[in-house]
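Step one of this worksheet: look at the structure below.
Excluded from the calculations below are hydrogen atoms, water molecules and symmetry mates; all remaining heavy atoms, backbone and side chain alike, are included. Protein chains get the first letters and strands the later ones, always in sequence-line order, with residue 1 at the start of each.
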Amino acid sequence: MTKPIRTEEIEVSMGPLHRGMEKIAEKRTYFQYMPLVDRFDYLAAMLNGALYCMTIEKLAGMEPPRRAEYIRVIMMELNRIASHLVFVGTLGLDLGASTPFIYCFREREEILDLFDLVCGARMTFNYMRPGGVAKDLPPEFAPKCREFLKKMPARLREYDDLLSNNEIFVERMRGVAKIGADEAVNLGLSGPTLRASGVGFDIRRFEPYSVYPEFDFDVAVREEGDCLARYLCRTEEIRQSLRIVQQALDGLPEGPSSTRINMNLKPAAGEVYHHIEGARGEMGCYLVSDGTTTPVRLKWRAPSFSNLAVLTSALPGWKVADSVAIIGSIDVVLGEVDR
Amino acid sequence: MSGAAEVSVAVRQALGERAVELREEHGWAIATVEAGRWFECAAALRDALGLDYLASLTAVDLKDNFELVAHLYSIAGRGKLALKCRLGRDNAVVESLTKLWSAADWLEREAAEMFGIHFEGHPNLAGLLLPDDWVGHPLRKDYDEADQD
């Protein structure tokens with residue numbers, strides 16, 4: 001028998017998607033920059049927009065109305081589900097299962113239709129605003145969203161039948177590329193990639209923001225630290241996000257969905273680092289203001305950037321054929337890696 | 001999680017006079033130390049406050065000098081801290097934090113590339129995001145796009 005080819009050493013090469021986005025921020029007003037933040041993690045752009053607006057609100061000392069907070073949570077969690085669906089589908093595809101990919105995209109499509117209804121866009125929404133959201137929900141949104149929530153549990157069982165209970169899929173990931181808890185923390189991993197290593201670090205709990213304390217949900221944590229655990233953490237998170245969206249829809253308060261603010265916003269001189277639980281982990285925004293209409297510095301802490309670094313230690317020793325499962329299980333979006 | 005005031009007290013205890021400036025802003029304790037004691041202070045704070053997580057490390061060009069800033073917290077919820085030091089524009093050299101947090105590896109490489117800061121003791125300070133033949137450090141305020149052609 002021939003010996004399998006194993007990875008000995010890896011070097012990560014990045015940059016083709018670098019668009020100088022942090023530099024551009026220094027040359028635009030806070031509002032002008034708004035549409036650009038969607039291009040960081042373009043699979044979960046609602047979360048980017050929400051983080052950017054929350055950071056500005058902290059700097060400027062504003063608070064959005066409660067209805068806006070609820071709408072933001074609905075959008076953020078729907079986008080987390082959409083993003084995890086891409087993960088589940090593409091991971092299956094990477095490992096040779098093409099059917100689940102079509103199923104996952106079918107459901108993701110329904111979420112994109114909901115976003116289309118709300119803001120007219122499917123990927124780069126430009127929907128969040130400092131002080132609230134761009135537009136209130138249209139009347140068709142709630143019934144359509146409830147329909148989607150009702151449908152999902154059965155669909156998730158379909159994915160389980162196709163992937164989670166598929167022996168070939170499971171065996172290619174169980175025990176592969178284990179990452180220990182200490183190593184994961186030291187490397188700055190976050191999101192499901194960290195929680196699959198037994199560290200229950202979720203910023204929605206660690207440092208609650210927006211109206212998250214008002215919702216019941218569990219943080220998905222697994223102890224194994226292997227590729228399978230990273231997959232299972234995300235499928236569980238889809239279920240938890242569905243719970244949050246349901247509660248937010250049920251409790252959606254009446255009232256305005258935004259506050260009127262000056263388009264030439266000048267936050268007081270100062271600085272803040274704000275972070276939220278993105279679809280891939282800790283998404284942070286460090287803003288430094290000198291009291292003018294443009295920031296002195298905007299630094300985007302992208303979870304994919306830090307998570308990607310684990311490959312240098314996770315890949316060596318494993319078969320080359322395993323690398324597709326390992327890279328897939330980290331779930332990176334290169335738009336936010338290169339920025 | 002512990003508030004900024006408690007963290008400030010703990011920083012004062014751990015660093016003493018080594019903290020040249022200590023303030024609180026938007027829920028963060030912000031400590032500034034001398035550039036020459038950057039690594040030593042970071043190590044002391046990591047152990048004293050249990051700051052096991054380096055979330056972000058970057059620089060800000062303040063025109064007179066650079067400000068290096070690391071955002072740290074304890075996963076167990078013991079607090080969060082922004083640790084800073086000032087670096088001169090012409091000799092921006094500081095000790096690497098990679099021995100304390102491996103997360104610093106790529107973050108320092110990016111800061112080196114974008115600001116021209118040298119991190120001493122870094123295992124491989126090669127460029128990360130820019131093409132190999134790129135001229136200049138784009139996030140410096142005196143960077144001129146015209147230099148590319």
Side-chain angles (χ1 to χ4, degrees), chain A residues 11-20 22-23 26 55 58-59 61 181-190 194 199-201 203 205-208 270-275 281-288 290 295-303 305-306 308-310 312-313 337-339, chain B residues 1 23 25-28 30 46 51-63 66-67 69-77 79-82 84 98-107 109-111 113-115 123-124 126-132 134 137-141 143 145:
Chain A
E11 194 183 320
V12 181
S13 163
M14 59 178 94
L17 267 177
H18 180 65
R19 293 145 290 169
E22 294 180 6
K23 183 72 175 180
E26 297 172 13
T55 312
K58 276 207 150 186
L59 258 185
D182 291 343
E183 187 200 353
V185 171
N186 197 256
L187 265 167
L189 304 190
S190 56
L194 174 64
V199 183
F201 177 69
I203 298 159
R205 279 281 155 73
F206 178 71
E207 208 181 357
E271 61 168 79
V272 65
Y273 176 89
H274 185 59
H275 54 177
E282 155 143 5
M283 194 148 70
C285 180
Y286 177 53
L287 261 184
V288 183
D290 58 358
V296 174
R297 174 93 171 95
L298 176 145
K299 154 85 183 166
W300 199 262
R301 195 275 184 197
F305 178 82
S306 302
L308 193 61
V310 76
T312 32
S313 54
V337 172
D338 291 352
R339 285 157 287 140
Chain B
M1 191 163 64
R23 62 192 172 95
E25 192 176 336
H26 295 299
W28 284 84
I30 303 177
R46 182 190 68 164
L51 300 172
D52 48 2
Y53 197 82
L54 172 68
S56 159
L57 186 150
T58 191
V60 182
D61 188 345
L62 298 175
K63 293 196 175 138
F66 295 131
E67 190 170 71
V69 50
H71 289 96
L72 295 155
Y73 27 88
S74 118
I75 287 269
K80 56 179 187 177
L81 172 75
K84 292 183 169 185
T98 42
K99 288 194 189 86
L100 300 175
W101 297 279
S102 30
D105 187 340
W106 286 10
L107 294 167
R109 275 174 73 179
E110 190 183 337
E113 182 173 43
M114 297 296 171
F115 290 91
N124 168 28
L128 201 60
L129 298 173
L130 299 174
D132 295 339
W134 199 265
H137 306 289
L139 284 178
R140 284 186 177 220
K141 294 287 182 189
Y143 173 78
E145 284 91 342

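Interface summary for chain B: among A:Asp182, A:Leu17, A:Val296, A:Asp290, the most heavy-atom pairs under 4.5 angstrom belong to A:Val296. When each of B:Asp105, B:Val69, B:Leu62 is checked for heavy-atom pairs under 4.5 Å with chain A, B:Val69 comes out on top. Ranked by heavy-atom pairs shorter than 4.5 Å toward chain A, the options B:Ala126, B:Ala82, B:Ala55, B:Gly127 are led by B:Ala55. When the candidates B:Asn124, B:Leu128, B:Leu100, B:Leu130 are compared by the number of heavy-atom contacts under 4.5 Å with chain A, B:Leu128 comes out ahead. For chain B, the option among A:Val310, A:Leu59, A:Val272, A:Leu187 with the highest count of heavy-atom pairs below 4.5 Å is A:Leu187.
Legend: residues meeting side chain to side chain donor-acceptor pair (under 3.5 Å) with B:Asp61, ordered by chain and number and at least two apart, are B:Arg89. Residues that satisfy the side-chain contact (heavy atoms from CB on, under 4.5 Å) test with B:His137, not counting sequence neighbours, are B:Arg140.
Only the side chain of A:Glu282 comes within less than 4.5 Å of a heavy atom in chain B; its backbone stays farther off. Within the 4.5 angstrom heavy-atom criterion, atoms from both the backbone and the side chain of A:Lys23 approach chain B. For B:Trp101, the parts lying under 4.5 angstrom from a heavy atom of chain A are both the backbone and the side chain. The contact between A:Val185 and chain B is made by backbone and side chain atoms together, counting heavy-atom distances below 4.5 Å. Neither the backbone nor the side chain of A:Ser13 comes within contact range of chain B, judged by heavy atoms closer than 4.5 Å. For B:Glu113, no part lies near chain A; criterion is any non-hydrogen pair under 4.5 Å. For A:Tyr286, the part lying under 4.5 angstrom from a heavy atom of chain B is the side chain only. With a 4.5 angstrom heavy-atom cutoff, A:Tyr273 touches chain B via backbone and side-chain atoms both. Only the backbone of A:Leu189 comes within less than 4.5 Å of a heavy atom in chain B; its side chain stays farther off.
Looking at A:Glu22 and B:Leu139, their side chains come closer than 4.5 Å, going by heavy atoms from C-beta outward. Counting only heavy atoms from C-beta outward, the side chains of A:His275 and A:Arg301 never approach each other to under 4.5 Å. Residues A:His274 and A:Glu207 are not in side-chain contact: their nearest non-hydrogen atoms beyond the backbone lie 4.5 Å or more apart.
Scanning both residues, B:Ala103 and B:Leu54, for their nearest heavy atoms gives CB-O, 3.9 Å.
Between B:Tyr73 and B:Tyr53, the ring-plane angle classifies as parallel under the 30° and 60° cut-offs.
In this structure, A:Glu271 does not pair ionically with A:Arg297, as no charged nitrogen and carboxylate oxygen lie closer than 4.0 Å. A salt bridge between A:Glu26 and A:Lys299 is absent, with no side-chain N of the basic residue lying under 4.0 Å from a carboxylate O of the acidic one.
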